[in-house]
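For clarity, every value in this text was computed on a predicted model and none was experimentally measured. The figures that follow rest on heavy atoms only: side chains count, while hydrogens, waters and symmetry mates do not. Just so we're on the same page: letters track the sequence lines, and every chain starts at 1.
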Amino acid sequence: MRVTEFQAPKGVPEYFPPRSAAFLAVREALAYPAEHAGYGYIELPVFEDTALFVRGVGESTDVVSKEMYTFLDRGERSLSLRPEGTAGVMRSIVENRLDKGVLPVKLWYAGPFFRAERPQHGRYRQLQQVGLEAVGGDDPALDAEVIALADEGFKRLGLRQYRLDLTSLGCAQCRPAYRHVLTAFLDTCDLDDATRQRATVNPLRVLDDKRDEVQRQLGDAPLMVDHLCSSCQEHYDAVRGFLSDAGVEWVEAPRLVRGLDYYTRTTFEFTHELLGAQSGIGGGGRYDGLMASVGGSDLSGIGFGLGTDRTLLACEAEGLDVGAGARVDVFIVPIGEAPRHEAVRLLTRLRQAGVRADMAYGGRGVKGSMKAADRSGAPTVVIIGEDEVASRTAQVKNMIDGTQVAVALDSLLDEVQHRAPQEGTS
RNA sequence: GUGGGUGUAGCUCAGCUGGUAGAGCGCCGCGUUGUGGUCGCGGAUGCCGCGGGUUCAAGUCCCGUCACUCACCCCA
């Protein structure tokens, strides 16, 4: 029902309490592995030169050809809201000469991305992602590290019902030849015009068509993994070896295709089984020519993007109460005007000491204030009335078991800190 | 961009074949003096998405429109 004149733009998710706490927890969990593996944080612009995406991501991709929010600025320059993160990271690495320093350059980022698609469950026009890139090395152990870091993020949240699909898309050496073989095969299939059109743009895409009548014909389709050059084959074997060393489980997915043109060799995708049609919660892969295509040195890199929104949906689908818990440790209930001043002084002291605290505002009755205290979730409530002010004490109530004791105002901070959960346990 | 579904209280929804609106949850208050969560009692809240049409009469039927939603496509 429309109750206000304005609405949020179509397809843009909003997070507010209590769910926003879960959103923050998901983002933190996904970023944690990168931060603890030596990756540095990079803060990037939300819009870039349109040409960067056209060149980097690929003109033929749906993302670039029909899903970008593009506009002209006052200098008539064409800018676009970023539809993905890797191109921007490459641009920044080149522009800031990070590629001239220690390699590989390891960076992680988080933030909103934009795609003008038809909204759906888990598919938004403003989507949040946590991503990471390791640039300047084609060591297969690096591929394994990147994949393991993504996997670890999901595991930290307690997710179980997801799967890692893995394959190799070959390189500039072997892919063109394979593509030729695949195209020849597809020519023998009975496909509708739209699909045939898709095949001319990127024949690989046809492989993961969801329709049965198409899949039925693809049983004998040639696969990239059977046409890898020796170098790519060797690399892919090594990646799988290191992935095993890292304790990561995966599923061979020879028909895995990604929507961005820059991927080469190692390619992967995480999907969650409870999310419906938009099941991808993260994906990534290696990109050999990307940096050169945006004007940098010819360095290879590998990275991933994890969907924060979808990962949150996945957690909810699995019934994980991520980020739940009390927002404050202590809640103060003053009774009367003089006690309100004492309460503000106490509140200030508690907060300055690092204790998460709140108090009852708005001159409600004691009952109402206690109700507010209860709803805050605070395990400890401090009650201050006229009598307490006179005796320089406060009633400290344990909301879990209902017990209550008088504590001198001077030792209240100690008392409360003693009761509050220790750092890191909340 | 292409299909399907749905729009009724803050939330989840009921309202049969047309007769001017209901439940549960939540919210507020009360159960006597300064104590929450349980329980009991009471209360507030709806241009029934919007516009038009049919009709004595429309939440209920028809048309349009907007929004939301699911799927295709694509992707996180």
Side-chain angles (χ1 to χ4, degrees), chain A residues 1-4 7-11 13 26-27 30 57 60-67 82-86 110-131 150 154 162 192 194-195 197-198 201-202 205-206 208-211 214 256-260 269-272 275-284 304-314 331 333-336 339 360 364-389 394-404:
Chain A
M1 174 182 326
R2 182 122 115 266
V3 292
T4 53
Q7 288 181 275
K10 183 198 269 286
V26 167
R27 191 170 64 187
L30 295 181
V57 180
S60 68
T61 61
D62 285 30
V63 168
V64 166
S65 64
K66 52 188 188 191
E67 295 173 1
R82 59 183 185 184
E84 60 93 56
T86 307
F113 296 86
F114 307 84
R115 292 178 196 171
E117 301 178 278
R118 189 77 165 261
Q120 212 176 112
H121 181 63
R123 186 171 76 180
Y124 306 114
R125 290 185 171 182
Q126 175 174 315
L127 55 115
Q128 294 281 341
Q129 232 172 269
V130 171
F154 296 132
Y162 69 91
D192 58 278
T195 307
Q197 175 58 31
R198 207 139 42 94
V201 176
N202 184 350
R205 295 268 183 78
V206 180
D208 72 344
D209 194 304
K210 289 173 184 171
R211 293 168 298 182
V214 176
L256 176 63
V257 180
R258 317 233 63 240
L260 312 180
E269 184 170 79
F270 289 87
T271 54
H272 193 94
L275 288 189
Q278 309 305 317
S279 60
I281 52 175
F304 64 61
L306 310 181
T308 314
D309 312 277
R310 286 185 186 178
T311 301
L312 172 57
L313 290 173
F331 195 94
V333 172
I335 305 167
R364 296 216 257 177
V366 184
K367 209 177 169 77
S369 296
M370 284 304 294
K371 210 166 191 174
D374 182 52
R375 275 190 284 242
S376 77
T380 304
V381 170
V382 174
I383 302 157
I384 307 175
E386 303 286 355
D387 297 349
E388 284 74 21
V389 172
Q395 292 293 323
V396 177
K397 179 165 185 172
N398 179 326
M399 294 296 272
I400 315 287
D401 60 22
T403 57
Q404 184 171 316

Discussion item. Let me spell it out: for each of A:S279 and A:G11, pick the nucleotide of RNA chain B with the closest heavy atom. Which residue's pick is nearer the 5' end?
Written reply: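 Comparing both residues, the 5'-ward one is A:G11.
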Worksheet item: Of A:E269 and A:K10, whose closest RNA chain B nucleotide lies nearer the 5' terminus?
Response: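 This one resolves to A:K10.
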Within this structure, what is the [atom1]-to-[atom2] distance between [X] and [N], rounded to whole angstrom?
X	N	atom1	atom2	result
A:L256	B:rA76	CG	P	10 Å
A:L260	B:rC74	CG	P	13 Å
A:R310	B:rA76	CZ	C1'	5 Å
A:M370	B:rG29	CE	P	15 Å
A:K397	B:rG34	NZ	P	15 Å
A:I384	B:rG34	CD1	P	17 Å
A:R82	B:rA76	CZ	P	14 Å
A:D374	B:rG26	CG	P	12 Å

Worksheet item: Between CD1 of A:I281 and CG of A:D309, what distance do you get to the nearest 0.5 Å?
Response: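 It is 12.5 Å, given to the nearest 0.5 Å.
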Pairing check on [N]: which nucleotide meets the Watson-Crick or G-U wobble criteria with it, both distances under 3.5 Å?
N	result
B:rA76	none
B:rC11	B:rG24
B:rU65	B:rG49
B:rG3	B:rC70
B:rU54	none
B:rG36	none

Expressed as a whole number of Å, how far does the [atom1] atom of [N] sit from that of [M]?
N	M	atom1	result
B:rC73	B:rC50	P	36 Å
B:rA44	B:rG3	C1'	43 Å
B:rC63	B:rU54	C1'	11 Å
B:rG51	B:rU8	P	16 Å
B:rU33	B:rU12	C1'	41 Å

Worksheet entry | Check: A:S65 side chain, A:T61 main-chain N or O, donor-acceptor pair, under 3.5 Å |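 Yes; judged by distance alone, with no hydrogens or angles, the pair exists.
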Discussion item. Taking 4.0 Å as the cut-off, does a side-chain nitrogen or oxygen of A:Q120 come that near to OP1 or OP2 on B:rA71?
Written reply: yes
So what does [X] hit on the nucleic acid, given a heavy-atom distance under 4.0 Å: a base, only sugar-phosphate, or nothing?
X	answer
A:I335	base
A:I400	base
A:E117	base
A:Y124	base
A:G336	nothing
A:Q404	base
A:R375	sugar-phosphate
A:E388	base
A:G131	nothing

Fill in: Test log, rule salt bridge (charged side-chain N to carboxylate O under 4.0 Å, His left out), inputs A:E117 and A:R125
CA-CA 6 Å; A:E117 301 178 278; A:R125 290 185 171 182; over 6 Å; no
Fill in: Residue pair A:V382, A:F331: steps toward the side chain to side chain contact (heavy atoms under 4.5 Å, CB included) verdict
CA-CA 6 Å; A:V382 174; A:F331 195 94; over 6 Å; no
Practice prompt. Can you spot which of A:H272, A:R123, A:H121 makes a side-chain contact (heavy atoms from CB on, under 4.5 Å) with A:Q278?
Written response: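 Result: among A:H272, A:R123, A:H121, A:R123 is the only option passing the side-chain contact (heavy atoms from CB on, under 4.5 Å) with A:Q278.
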Discussion item. Looking only at side-chain N and O atoms, does A:Q128 offer a donor or acceptor that is under 3.5 Å from a partner on A:R27?
Written reply: no
Fill in: Heavy-atom closest pair, residues A:P339 and A:G385
CG-C, 3.5 Å
Taking donor-acceptor contacts at under 3.5 Å, does the side chain of [X] reach the base of [N]?
X	N	answer
A:R258	B:rC74	no
A:R115	B:rA76	yes
A:R123	B:rC74	yes
A:K367	B:rU35	no

Worksheet entry | side chain to side chain contact (heavy atoms under 4.5 Å, CB included) evaluation trace for A:Q395 with A:D387 | CA-CA 10 Å; A:Q395 292 293 323; A:D387 297 349; over 6 Å; no
